[in-house]
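As a basis for the values below, the full set of heavy atoms in this structure was taken, side chains included, without hydrogen atoms, waters or symmetry mates. Because the structure is predicted, anything quoted here is derived from the model rather than measured.
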Amino acid sequence: MTEFEDKERDVEEIKDEEEEFDDDVIVFVDEDGNEQEYDIVLTFYDEGTDKDYILYADGELDDEGMAMVYASTYVYNEETGELDLEEVVDEAEVAVVNAKLEELDSDDDLDDLD
């Protein structure tokens, strides 16, 4: 099973912002101004938590050769026009993300991330 790693960052740029997630790529900028592109694996809404989630990857593999997938919740910030990402820390949210990853694993949808 692919486990996720928490990431808490602000999204500086979403490519083709008019078509949200159209290019399936988001770009993070760290404190030093370095850009890192991530492929969006999946976005989904969960009724139980009433939150939107984004799963993303950069092609890295873990020690077992599995794709490293990162997860965050996101909210569109109307003032800035950007997405605000927050770390997934609540046990219920972690369970939601892991269940979604198990579902993806069973569908072999994560094979394309290698």
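- Residues satisfying the side chain to side chain contact (heavy atoms under 4.5 Å, CB included) criterion with N34, sequence neighbours excluded, are D30, D32.
- Side chain of D46 to backbone of D50: no donor-acceptor contact under 3.5 angstrom is found.
- The CG atom of N98 sits 12.5 Å away from the CD atom of E103 when rounded to the nearest 0.5 Å.
- If you take CG on L55 and OG1 on T43, they are separated by 8.5 Å, rounding to the nearest 0.5 Å.
- Taking the side chain as every heavy atom from C-beta outward, Y53 and V96 approach each other to under 4.5 Å.
- Residues V41 and L104 meet the side-chain proximity criterion, which asks for heavy atoms closer than 4.5 Å.
- When each of L42, I26, T73 is paired with I54, the side-chain contact (heavy atoms from CB on, under 4.5 Å) condition holds for I26 and for no other.
- With rounding to the nearest 0.5 Å, the separation of OH in Y70 from CD in E87 is 13.5 Å.
- Aromatic ring centroids of Y74 and Y56 lie 6.0 Å or more apart.
- Note that the NZ atom of K51 and the OH atom of Y45 stand 11.0 Å from one another [nearest 0.5 Å].
- Proximity of L101 to V97: side-chain heavy atoms (C-beta onward) are separated by under 4.5 Å at one or more points.
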Before giving the answer on side-chain contact (heavy atoms from CB on, under 4.5 Å), spell out for L85 and L83 the whole-Å C-alpha distance, their side-chain angles and the decisive distance to 0.1 Å.
CA-CA 6 Å; L85 274 61; L83 292 181; 4.0 Å; yes
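- Atom-to-atom distance recorded for F28:CZ and D58:CG is 10.0 Å, nearest 0.5 angstrom.
- A donor-acceptor pair shorter than 3.5 Å cannot be found between the side chains of D52 and Y76.
- Taken to the nearest 0.5 Å, the OG1 atom of T80 stands 4.5 Å off from the CD atom of E82.
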